[in-house]
Trainee: 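Mind looking over this structure? Questions follow.
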There are 2 protein chains.
Amino acid sequence: MLTIKEIAEMARVSRSTVSRVLNESGYVSEEARKRVLEVVERTGYVPSQHAQSLRTKKTRVIGVVLPKLGTETAGRVVNGINEILSEQGYQILLTSTNLQAEKEIEYLRLLKSRQVDGIILSATNINDNLLAEIKQLKLPFVAIGQDIPSVSSVTYDDFHAAKAMTELMIKKGRSKIAFIGVDEADQAVGVMRKQGFLQAMKQNGLQVRKEWMVTADFDIPSGSRAMAQILAETTEGNKPDAIFCVTERIAVGAMQTLKETGFKIPAQISITGIGASDISKYVDPALTTMDYENETAGKEAAKMLLAQIEKNILTHKKIVLNGRLIIRNSI
Amino acid sequence: MLTIKEIAEMARVSRSTVSRVLNESGYVSEEARKRVLEVVERTGYVPSQHAQSLRTKKTRVIGVVLPKLGTETAGRVVNGINEILSEQGYQILLTSTNLQAEKEIEYLRLLKSRQVDGIILSATNINDNLLAEIKQLKLPFVAIGQDIPSVSSVTYDDFHAAKAMTELMIKKGRSKIAFIGVDEADQAVGVMRKQGFLQAMKQNGLQVRKEWMVTADFDIPSGSRAMAQILAETTEGNKPDAIFCVTERIAVGAMQTLKETGFKIPAQISITGIGASDISKYVDPALTTMDYENETAGKEAAKMLLAQIEKNILTHKKIVLNGRLIIRNSI
DNA sequence: GTTAAACGTGGAATCGATTCCACAACATAG
DNA sequence: CTATGTTGTGGAATCGATTCCACGTTTAAC
């Protein structure tokens, strides 16, 4: 690996001059500049980022903490982040907790020790330890998906998204609506979407049967199981005529169970979810859902973070994105 | 940000001693060790990775270059890589070219300037410039998906995968088989899979109609268009009775067109692809395909890279993974 | 009771950049 | 012809760690 010292010798100038040329700062004669650039070009020299960072305290690296890689959703978020950051010459240092909550704190510390210029966290569950850790980070920070007190965030209007989906089915004449949610440790998905559903039901004077409100995990098979659980609580004369799932994948799983059990969708039963990756478009019937435009969320988060970094002030700001309703054949 | 110097002062020892405690090297008295650890614990001190890297030439960061983020496949590969690397205390510096070939070289240089300990590249097209760049990197390196001369790689047996899928349809009694491929700039997907298809046809004495061999891009809509193109070349009396698509997403798109046109799958026509993300399981009928187990590929690549880094020898080694056949209802 | 080995510790050099400062050369102003 | 800028350059300090080396102090060996 070449160093600035060697470049300096080859160009017959001092290291200071090489640095000045490369950073376009201070006075450099045309003579010297040309010699330096020629050597740099010829040798393919690239300054050591570590030495630079050590000196300047800027790394041009952003830490990203994800709950899980390997889903289209996560990929899209990262893609959005990457699009904005790479334009500005920033790189992404990626970590994934694989849904282990204790790793979130570990990774935040790790990223700090790598002196990242900022952190974007896509969290699922927020606990007090995590909150405390974030507070004392003293780093530009943006959360995606969950609203965290006194911290910048990009979130979705989960309450109204869920309410709108539920109302849509009610308007289509459905009234016996079942619900598949997730654990309430997840504020956005577990709590807000559930409340949206309940409010829609209440405002329309509809009953909610307790046995028809079950919880699932975030994957497809779990949606299938949850649906089976609801059907087990169902007598022949009193079947649900609609089902609202808090995520797209749960809905896909539920739909699978319904089809296997012989239900006709949407003739006998409607089904909706939230979130729009490719799969919901190509299941049969295509799923009515809410597109959360994850790329946009990633982009907005990245922009907010860059703004914080540049202004060098740790203000906080909240962005709430609205989903885009996609009506397909499942209702 | 705390520095080692401050920790040293607080623990009333020298910086050397602090360093020895943290790295568990050399002699340190129990007395001093305890004092240092106590201070570290209390202050939450974490050493600056940049200073460490500058001194030790090790960063514990691996650069990953992807063609595109935001697909389940890419996510799974990264997930596999991450699983192995994070166990060993390595981080991922992620870059995505978004399918712009010239960016690959740019990113390789960038990663080198960040002194990553190694690079994993998931390439689509390999051109001479890229090859030359890789050669002169002088860094531990592993390619995923494409076989690159004299460089370590984890690839799939694309030829036999395609051949097996084609033979499967032939065994089911199909003979008028159409083919949807991709551009041949992609050696693995464009060339090898095509050859596997052609060989299966040839060995079974089957004709391949030129109008029934078309190319698509890597996305679903493009598969739909390609299928429409084939159907346009088809007279009423001579319709294909099977179609092999080189990717799962192309197959999903093609299936959509077939269903819209009124074909009964698999009664009138069989369809297969390669690659198994969730979508192929939940389309109707479920797609017969080859699971390429991207997580495994990611893991193997990471392991190979770590082996190179530890042995500090730039040997190369090839791993060829076999897909796992998944027979579903589309044939 | 020397002599040698095992412990413990701090000083100082080093990694590869940036940047402040001093100084020289030359031009311009008064 | 002295003062005052403007250019241009290199030296040296600095960022925050690691690590070699020198130098004490114990402990063990014969």
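Bear in mind that the values here come from a model prediction, so they are computed numbers and not experimental data. Chain letters run A, B, ... following the sequence lines, proteins first, then strands; residues in each count from 1.
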Trainee: Determine whether the side chains of A:N82 and A:S86 contain a donor N or O and an acceptor N or O closer than 3.5 Å.
Mentor: no

Trainee: Using atom types as modelled and distance alone, determine if a side-chain donor or acceptor of B:S53 lies under 3.5 Å from a backbone N or O of B:Q49.
Mentor: yes

Trainee: Looking for any heavy atom pair under 4.0 Å, which part of the strands does A:S48 touch: base, sugar-phosphate only, or nothing?
Mentor: sugar-phosphate

Trainee: Tell me: CZ of B:R20 to P of C:dG11, nearest whole Å?
Mentor: 11 Å

Trainee: Could you check how far CD of A:E30 sits from P of D:dG8, rounded to whole Å?
Mentor: 9 Å

Trainee: If you pin B:K57 and B:V13 to their nearest nucleotides in DNA chain C, which one's is more 5'?
Mentor: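 On the 5' side of the pair lies B:V13.
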
Trainee: According to a strict under-4.0 Å criterion, is B:K5 in side-chain N/O contact with OP1 or OP2 of D:dC15?
Mentor: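 No, no such contact exists.
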
Trainee: Does B:S53 make a side-chain N or O approach to OP1 or OP2 of D:dA17 shorter than 4.0 Å?
Mentor: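 Result: no.
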
Trainee: Does a side-chain N or O from B:Y27 land closer than 4.0 Å to OP1 or OP2 of C:dC7, or not?
Mentor: yes

Trainee: What's the separation between atom CZ in A:R109 and atom CD1 in A:I105, rounded to the nearest 0.5 Å?
Mentor: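 A:R109 CZ to A:I105 CD1: 6.5 Å, rounded to 0.5 Å.
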
Trainee: In whole Å, what is the span from the CD atom of A:Q115 to the P atom of D:dG16?
Mentor: 8 Å

Trainee: How do B:R33 and A:N23 order along DNA chain C: which one's closest nucleotide is nearer the 5' end?
Mentor: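 First, find each residue's nearest nucleotide; the 5'-ward one identifies B:R33.
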
Trainee: With a cut-off of less than 4.0 Å, is there a side-chain N or O of B:S16 near OP1 or OP2 of C:dG11?
Mentor: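 No, because none of the side-chain N or O atoms of B:S16 sits under 4.0 Å from OP1 or OP2 of C:dG11.
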
Trainee: Could you state the atom-to-atom distance from CD1 of A:I4 to P of C:dT19 in whole Å?
Mentor: 11 Å

Trainee: For D:dT9, does OP1 or OP2 lie under 4.0 Å from any side-chain N or O of A:S29?
Mentor: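 A:S29 to D:dT9 OP1/OP2: side-chain N or O found under 4.0 Å.
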
Trainee: Distance check: side-chain N/O of B:S14 vs OP1/OP2 of C:dG10, anything under 4.0 Å?
Mentor: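 Indeed, a polar side-chain atom of B:S14 lies that close.
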
Trainee: Using the six-membered ring wherever Trp is involved, compare the ring planes of A:Y292 and A:Y156 and label them parallel, tilted or perpendicular (cut-offs 30° and 60°).
Mentor: parallel

Trainee: Between D:dG16 atom C1' and B:L54 atom CG, what is the distance in whole Å?
Mentor: 9 Å

Trainee: Among side-chain atoms of B:Q146 and B:D186, is any donor-acceptor pair under 3.5 angstrom?
Mentor: yes

